[in-house]
Enquirer: 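Please find one structure pasted underneath; my questions will follow.
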Amino acid sequence: MTESNNGKEKKVIFSALKPTGDLTIGNYIGALKNMVALTEDYDCYYAVADLHSLTVENVPADLRRRSYDFLAFFVAIGLDPDKCTLFLQSHVPAHAELAWVLNCYTLFGEARRMTQFKDKSKKAPENVNVGLFAYPTLMAADILLYQADLVPIGKDQQQHLELARTIAERFNNRYSPTFVVPEGFYPKTGAKIYSLLDPTAKMGKTDDNTAGTIFLLDDEDTVMRKFKRAVTDSGNEIKFAADKPGISNLLTIYSIFSGKSVREAEVEFAGSDYATFKTRVGECVVEYFKPIRKKYFEIISDKGYLNELMKKGAEKAARTAYRTLSKVYRKVGLVPAP
Ligand code: TYM
């Protein structure tokens with residue numbers, strides 16, 4: 001244990017995924033894969049960010065199903081519940097409590113600049129709610145409660161992470177060192193995976209046209225069909241290039257799931273046509289997820305196991321979270337409940 005480590009034995013990782021829409025290969029490449037890779041050497045807290053889901057419209061039954069689903073996928077991709085803490089955000093009330101405090105240390109102008117807030121406001125102008133505006137302060141609370149050193153995320157969350165850093169630094173300067181200032185941890189390849197139908201737009205869980213998104217729940221035929229219909233570029237060369245966003249996106253996806261570099265993939269497909277290439281990418285993704293999907297189906301049918309897991313996870317998370325929260329309450333001048 002060293003001072004520079006904030007009194008912790010191991011460095012801490014936090015990340016979360018929001019259960020609006022089913023998990024995609026974008027989520028896997030951007031965040032989940034790194035979340036698994038980091039479990040050996042770090043103290044990891046991984047949450048299903050169900051409170052964040054309330055910022056957009058949801059069918060309550062779908063939100064409940066997805067919360068279980070995400071947890072089942074956490075385990076299926078290889079997150080060992082004995083080695084890391086897996087839980088639902090709403091089961092640890094400290095998240096909402098710290099978010100309130102952080103709201104009071106975040107400037108209106110800072111929250112208004114968030115591009116996701118602007119994008120989502122445009123997408124649903126009839127539901128620009130206060131929660132959507134305060135979304136990044138809840139996310140900051142998630143991270144700061146656990147004194148996280150590293151946050152594995154995709155590129156689209158970078159601006160939120162930067163705001164979390166700003167809030168932490170502001171609080172630390174105003175009072176005394178309280179929060180670890182977290183760093184983002186991005187994949188070297190695939191920090192932003194694009195839609196198969198529009199390779200200039202992010203592949204999203206809630207895209208209007210699901211044909212551009214590969215969901216982890218998609219069966220083999222669906223995955224193959226979506227890849228075969230993926231938009232490609234003019235020309236016929238299989239090359240990673242700025243003027244070939246469709247092919248570059250597919251090469252990135254292939255590289256991740258084949259374990260080959262993009263350069264190796266280019267060599268492998270030199271002289272192939274687009275149709276052959278797209279079929280191979282699809283097959284590679286199907287192969288990769290076969291064991292994961294098998295495990296997922298075993299786990300999702302066992303609600304008892306998942307309930308037990310989320311209970312244990314929330315208890316452990318709450319112990320850490322309340323240590324930070326009580327420190328914060330004390331520093332800002334709230335009287336501890338006698
Ligand atoms: P969410 O649920 O939209 O996405 C979950 C993770 O997947 C990454 N991601 C992608 N990466 C690459 N390419 C894509 N097309 C792609 N789409 C999504 C995201 O960057 C993210 O890492 N606000 C967060 C959830 C959250 C959170 C947190 C994350 C709540 N609290 C604290 C980190 C720390 C969100 O909505 O991610």
Side-chain angles (χ1 to χ4, degrees), residues 12-36 38 44-56 58 63 66-67 69-70 73-74 77 87-90 92 95-96 98-99 102 114-117 119-120 131-132 134-165 167-168 180 182-207 212-216 245 248-249 252-253 256 317 321:
V12 175
I13 307 281
F14 182 90
S15 200
L17 295 95
K18 179 173 75 249
T20 43
D22 294 317
L23 288 170
T24 72
I25 58 166
N27 298 136
Y28 185 81
I29 297 170
L32 291 166
K33 191 164 180 280
N34 273 340
M35 286 161 62
V36 177
L38 293 165
C44 299
Y45 292 85
Y46 296 137
V48 178
D50 51 357
L51 293 173
H52 275 105
S53 290
L54 304 180
T55 58
V56 294
N58 279 286
L63 178 56
R66 288 199 189 102
S67 297
D69 241 31
F70 276 35
F73 267 117
F74 279 4
I77 61 168
F87 63 103
L88 264 52
Q89 182 190 34
S90 65
V92 182
H95 290 248
L98 181 62
L102 298 186
M114 296 293 111
T115 54
Q116 281 214 349
F117 171 68
D119 291 349
K120 288 189 176 162
L132 190 65
Y135 183 112
T137 52
L138 177 58
M139 185 163 155
D142 297 342
I143 299 165
L144 301 182
L145 274 176
Y146 299 94
Q147 307 290 356
D149 297 277
L150 278 186
V151 184
I153 40 176
K155 252 310 182 245
D156 65 318
Q157 295 300 320
Q158 184 168 22
Q159 197 186 29
H160 290 156
L161 194 268
E162 293 298 331
L163 183 58
R165 289 171 55 86
I167 300 169
V180 168
E183 303 273 349
F185 187 83
Y186 306 94
K188 283 192 195 69
T189 310
K192 186 168 181 182
I193 296 297
Y194 297 88
S195 159
L196 300 187
L197 290 185
D198 176 3
T200 60
K202 183 186 86 167
M203 180 185 284
K205 292 192 212 93
T206 53
D207 290 354
T213 303
I214 304 287
F215 295 100
L216 304 195
S248 300
N249 190 41
T252 302
I253 294 170
I256 297 289

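Residue numbers run from 1 in the order of the sequence given. Read the numbers this way: they start at 1 and go in the same order the structure lists the ligands and their atoms. All values reported here derive from a predicted model rather than from experimental measurement.
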Enquirer: Any idea how Phe14 and Tyr146 line up, ring-wise: parallel (<30°), tilted (30 to 60°), or perpendicular (>60°)?
Expert: parallel
Enquirer: With the side chain counted from C-beta on, respond yes when Thr213 and Lys205 share a heavy-atom pair under 4.5 Å apart, and no when they do not.
Expert: no
Enquirer: When you look for protein heavy atoms under 4.0 Å from ligand 1, which residues do they belong to?
Expert: Phe14, Ser15, Ala16, Leu17, Lys18, Gly26, Asn27, Gly30, Ala31, Ala49, His52, Tyr135, Met139, Asp142, Ile143, Val151, Ile153, Gly154, Asp156, Gln157, Gly190, Ala191, Lys192, Ile193, Lys202, Met203, Lys205
Enquirer: Among Ile13, Leu161, Val12, Leu150, find the one that has a side chain to side chain contact (heavy atoms under 4.5 Å, CB included) with Ile143.
Expert: Leu161
Enquirer: Can you tell me how the ring of Tyr135 sits relative to the ring of His160, calling it parallel under 30°, perpendicular over 60° and tilted otherwise?
Expert: tilted
Enquirer: Taking Leu23 as the fixed residue, which of Tyr28, Phe73, Phe74, Phe215 is the one that meets the side chain to side chain contact (heavy atoms under 4.5 Å, CB included) rule?
Expert: Phe73
Enquirer: Are Asn58 and Thr20 close enough, and set up right, to give a side-chain contact (heavy atoms from CB on, under 4.5 Å), and what steps lead you there?
Expert: CA-CA 7 Å; Asn58 279 286; Thr20 43; 3.7 Å; yes
